[in-house]
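Below is one structure, written out as structure tokens; comments come after it.
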There are 2 protein chains.
Amino acid sequence: MRDSRRRPTIADVAKAAGVSKTTVSRFLSHQTEYIAEETYRKIEQAIQGLHYEPSQMARGLKAKRSRLIGIIVADIANPFTTAILRGAEDVCHKHNYSLLVCNSDNDPAKEQNYIRTLRSHQIDGLIMHTTGYNQSMLLALQKEKTQVVLLDRDVSGMHVDLVGMDNTQATYDALNYLVRQGYRSIAYVTAPTADISTRIERVQAFRSFVAEHGIEEHSPVFQVEGDQSLIECMTAFMNKKPVMAKAVFTGNAVILLKAALVMQNLGYRIPYDVGFISFDDPDWADIVGITTVSQSAYEMGVKAADRLVARLGGDTSDAKRFHVAAMLKERGSTPQVAIGQSLNRRRPS
Amino acid sequence: MRDSRRRPTIADVAKAAGVSKTTVSRFLSHQTEYIAEETYRKIEQAIQGLHYEPSQMARGLKAKRSRLIGIIVADIANPFTTAILRGAEDVCHKHNYSLLVCNSDNDPAKEQNYIRTLRSHQIDGLIMHTTGYNQSMLLALQKEKTQVVLLDRDVSGMHVDLVGMDNTQATYDALNYLVRQGYRSIAYVTAPTADISTRIERVQAFRSFVAEHGIEEHSPVFQVEGDQSLIECMTAFMNKKPVMAKAVFTGNAVILLKAALVMQNLGYRIPYDVGFISFDDPDWADIVGITTVSQSAYEMGVKAADRLVARLGGDTSDAKRFHVAAMLKERGSTPQVAIGQSLNRRRPS
DNA sequence: TTGTAGGCGTTATCAG
DNA sequence: CTGATAACGCCTACAA
């Protein structure tokens with residue numbers, strides 16, 4: 001008698017159905033053509049009765065496939081990441097893959113650690129929102145036929161699909177909009193760029209733009225780490241003479257929130273004292289009324305998983321870059337201002 | 001010669017080090033006492049050289065452990081969930097477990113599907129934020145020695161650890177606070193309770209409270225599904241006579257955001273026309289100034305994973321309920337009002 | 001149409 | 001101190 005506390009195996013099913021393991025295996029892999037009607041029904045019943053479910057571990061060991069897809073994200077608390085996860089999860093679920101979610105915290109060492117762990121679990125593919133520092137491990141993974149798709153951030157020297165956005169274009173779009181609205185003093189606030197391609201591209205685009213428009217003198221880039229440095233930067237920016245219409249441009253939703261809070265605590269009101277615009281489009285931007293450059297993170301997650309699944313399905317076409325569209329969502333935080341207008345614009349009554 | 005495109009196996013390491021697989025295996029399981037210094041070094045070098053990493057699939061097959069922990073969450077887009085994931089992930093990572101994240105979308109069928117998938121992957125344990133409808137599958141899992149910890153929501157008849165909060169107490173705390181602030185007409189807005197224990201408990205607590213305080217006539221419970229019904233409910237609530245200070249109490253951050261937006265679109269201002277309080281404490285509550293009943297979701301994730309890891313480590317103590325503290329975070333959305341004060345309180349100037 | 005006999009990569013047992 | 005061997009659950013030639 002089988003121990004009901006043990007998960008049933010294919011042997012249990014075989015015994016219950018009075019056939020061999022091979023026949024059950026055929027049933028499982030839908031090679032149903034050569035199975036007698038009678039046998040088919042018996043196996044079916046045995047499986048139902050035992051609540052049998054094939055072991056992915058055993059299957060994987062044989063087939064060298066795990067039906068596991070790894071995803072390493074930089075910050076799981078970021079709504080941008082959440083939306084990506086949701087998209088990737090939807091696609092993986094549809095194709096019967098499961099998602100191993102890892103949170104690197106933007107820490108290259110933690111990321112490396114996770115790559116190792118994922119490799120030990122024989123992941124079939126990896127969706128990588130990378131710190132940018134683990135190129136060699138990723139290349140090694142690739143060599144072992146683990147498919148890799150880069151998400152958002154690029155890694156130099158990797159010839160794989162990348163799903164992201166045109167950061168230079170998006171930065172220019174946002175800045176053109178701000179200038180049209182009358183702002184001539186713009187601070188770009190970002191977490192330290194480190195080796196993160198998107199951050200670097202955006203900062204470069206920002207610098208080019210403000211130089212081209214001759215407003216670089218009043219348009220600094222702040223790479224902030226920690227709340228204290230943010231407070232200092234915001235204070236310095238707001239105190240900078242000459243007094244004129246200023247706007248803050250934040251690199252993601254997390255920094256947006258922090259910067260907005262700092263401004264509030266410093267006694268500045270958005271948008272009456274300072275304009276705000278941000279990359280990312282957290283759900284709460286709607287209610288606070290923050291103009292954003294929305295990246296459609298959900299689409300990115302979907303697309304990345306789609307590409308990965310396609311590769312796993314045998315697509316060997318050349319590695320490609322996919323850009324999801326960025327969309328400027330205009331809200332109340334960036335009203336039109338008279339050029340050179342001073343601070344302390346009155347709240348409309 | 002070994003194919004470098006194949007992941008190295010223990011046999012490759014053994015050959016490279018000139019020892020047997022057994023010896024390498026001893027090395028891997030840190031039974032280092034009986035290994036000669038010389039041998040130890042050779043194995044170490046072979047592993048380094050080959051970038052060998054033991055296969056979890058093979059290990060799992062043998063040991064019937066996968067070092068995989070499944071977590072099924074109801075809504076991955078909810079910041080409450082994100083915080084939980086972060087907590088659980090931190091703990092799992094520390095103990096060398098990986099997290100298989102599944103998003104049930106509050107759909108019992110999808111949840112059932114995921115339970116099956118996770119079982120097929122031989123998860124060692126499951127953290128369950130459940131729809132409440134898959135009791136029998138969970139019991140079956142348990143019988144197979146898969147540890148289960150319930151998160152937030154209870155399942156009747158399951159004798160396992162549960163990490164959650166005291167919903168009745170928290171509801172009373174919030175309502176007592178509102179009454180102290182002067183509100184006498186309070187709407188509780190929740191997603192349909194379905195079989196979700198927390199939602200049911202909160203609604204019951206709300207009903208008891210308003211009955212005890214004799215304000216049930218002006219204090220409805222709205223179970224809303226979809227934006228249209230939310231608009232109708234909010235409109236009805238605000239139009240209800242007599243005109244008096246009203247407050248909306250939302251069951252989670254997602255509904256909070258929707259309800260606040262609806263109010264805004266209907267032309268009501270928070271808190272001048274209507275007070276707001278909510279379960280959950282999304283990061284943006286700070287900047288908008290919403291009073292919340294914070295659940296410390298991160299702590300819940302940590303605690304749940306801690307319990308699971310403890311069980312996996314052999315803890316066989318009785319199943320227990322763990323309550324994280326709920327904390328009322330008072331912000332601007334629930335100002336003190338004169339009892340019975342009418343709508344359209346003026347914005348302070 | 002069905003069954004037998006390996007082998008996937010690892011660990012445990014037992015014997016040197 | 002070290003090594004041969006069997007077994008975990010499944011799949012896949014090859015046979016019958």
Side-chain angles (χ1 to χ4, degrees), chain A residues 2-3 5-43 46-47 50-68 119-124 144-145, chain B residues 2-3 5-43 46-47 50-68 119-124 144-145:
Chain A
R2 212 182 60 80
D3 181 353
R5 284 143 35 161
R6 224 190 66 239
R7 287 193 49 201
T9 74
I10 198 171
D12 297 319
V13 176
K15 194 177 301 174
V19 298
S20 77
K21 295 193 292 174
T22 310
T23 308
V24 179
S25 179
R26 286 205 186 89
F27 176 98
L28 293 174
S29 39
H30 305 290
Q31 302 173 38
T32 179
E33 325 138 34
Y34 297 124
I35 302 183
E37 178 79 9
E38 167 85 14
T39 311
Y40 187 92
R41 301 171 54 76
K42 280 194 298 186
I43 296 179
I47 288 180
L50 295 169
H51 298 294
Y52 169 76
E53 193 85 33
S55 157
Q56 288 294 345
M57 309 223 79
R59 275 194 162 166
L61 190 57
K62 185 105 243 277
K64 291 156 183 298
R65 293 184 300 90
S66 60
R67 296 213 77 77
L68 251 27
R119 190 169 89 114
S120 81
H121 280 291
Q122 306 264 36
I123 51 165
D124 295 343
E144 292 169 7
K145 304 292 167 219
Chain B
R2 213 183 61 80
D3 181 355
R5 283 146 31 165
R6 220 190 70 238
R7 288 192 49 201
T9 74
I10 199 172
D12 297 319
V13 176
K15 196 176 302 175
V19 298
S20 76
K21 293 194 295 174
T22 309
T23 308
V24 179
S25 180
R26 284 204 188 88
F27 177 98
L28 294 174
S29 39
H30 305 290
Q31 302 173 35
T32 178
E33 326 139 33
Y34 297 124
I35 303 184
E37 179 80 7
E38 166 85 16
T39 312
Y40 187 92
R41 302 173 54 77
K42 281 195 297 186
I43 296 178
I47 289 180
L50 294 169
H51 298 292
Y52 168 76
E53 193 83 35
S55 157
Q56 287 296 344
M57 310 222 77
R59 278 195 160 165
L61 187 58
K62 187 104 242 283
K64 292 158 182 296
R65 292 184 301 91
S66 60
R67 297 213 77 77
L68 253 26
R119 189 169 90 114
S120 81
H121 280 291
Q122 306 263 37
I123 50 164
D124 295 342
E144 292 169 5
K145 302 294 165 215

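The structure presented is a predicted model; accordingly, all values stated were derived computationally and were not measured. Chain letters run A, B, ... following the sequence lines, proteins first and then strands; every chain starts at 1.
Defining each end axis of the helix from C:dT1-D:dA16 to C:dG16-D:dC1 as the rotation carrying four pairs' C1' atoms onto the next four, with five pairs an end, the two axes are found to diverge by 40° to 10 degrees.
Residues meeting the salt bridge (charged side-chain N to carboxylate O under 4.0 Å, His left out) test with A:Arg119, sequence neighbours left out: A:Glu144. Remark: B:Lys15 pairs with no residue by the side-chain contact (heavy atoms from CB on, under 4.5 Å) rule, at least two apart or across chains. For B:Thr39, the side-chain contact (heavy atoms from CB on, under 4.5 Å) partners two or more places apart in sequence, or in a different chain, are B:Val19, B:Thr23, B:Ile35, B:Ala36, B:Ile43. Partners of A:Phe27 by ring-ring contact (aromatic ring centres under 6.0 Å, His included), not counting sequence neighbours, listed by chain and number: A:Tyr40. Every side-chain contact (heavy atoms from CB on, under 4.5 Å) that A:Thr22 has, sequence neighbours left out, goes to A:Ser20, A:Arg26.
Looking at A:Arg65 and A:Gln122, their side chains never bring a donor and an acceptor atom within 3.5 Å of each other.
Closest of all the heavy-atom pairs between A:Leu50 and A:Ala16 is CD1-CB, 4.2 Å. The minimum heavy-atom distance between B:Asp124 and B:Lys64, with the atom names listed, is OD1-O, 4.4 Å.
Taking every nucleotide of DNA chain C with any atom under 4.0 Å from a non-hydrogen atom of chain A, the first and last of them, 5' to 3', are C:dT1 to C:dG9.
Both B:Thr39 and B:Leu61 lie near DNA chain D, and the one whose nearest nucleotide falls closer to the 5' end is B:Thr39.
A distance-only check finds a donor-acceptor pair linking the side chain of A:Arg7 to the backbone of A:Glu53 [under 3.5 Å].
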Ignoring hydrogens and angles, write down the donor-acceptor pairs under 3.5 Å from the side chains of residues 56-63 of chain B, residues two or more places apart or on other chains.
none

### nucleotides 10-16 of chain D: protein proximity per nucleotide (B base, S sugar-phosphate only, - neither; heavy atom, under 4.0 Å)
BBBB---

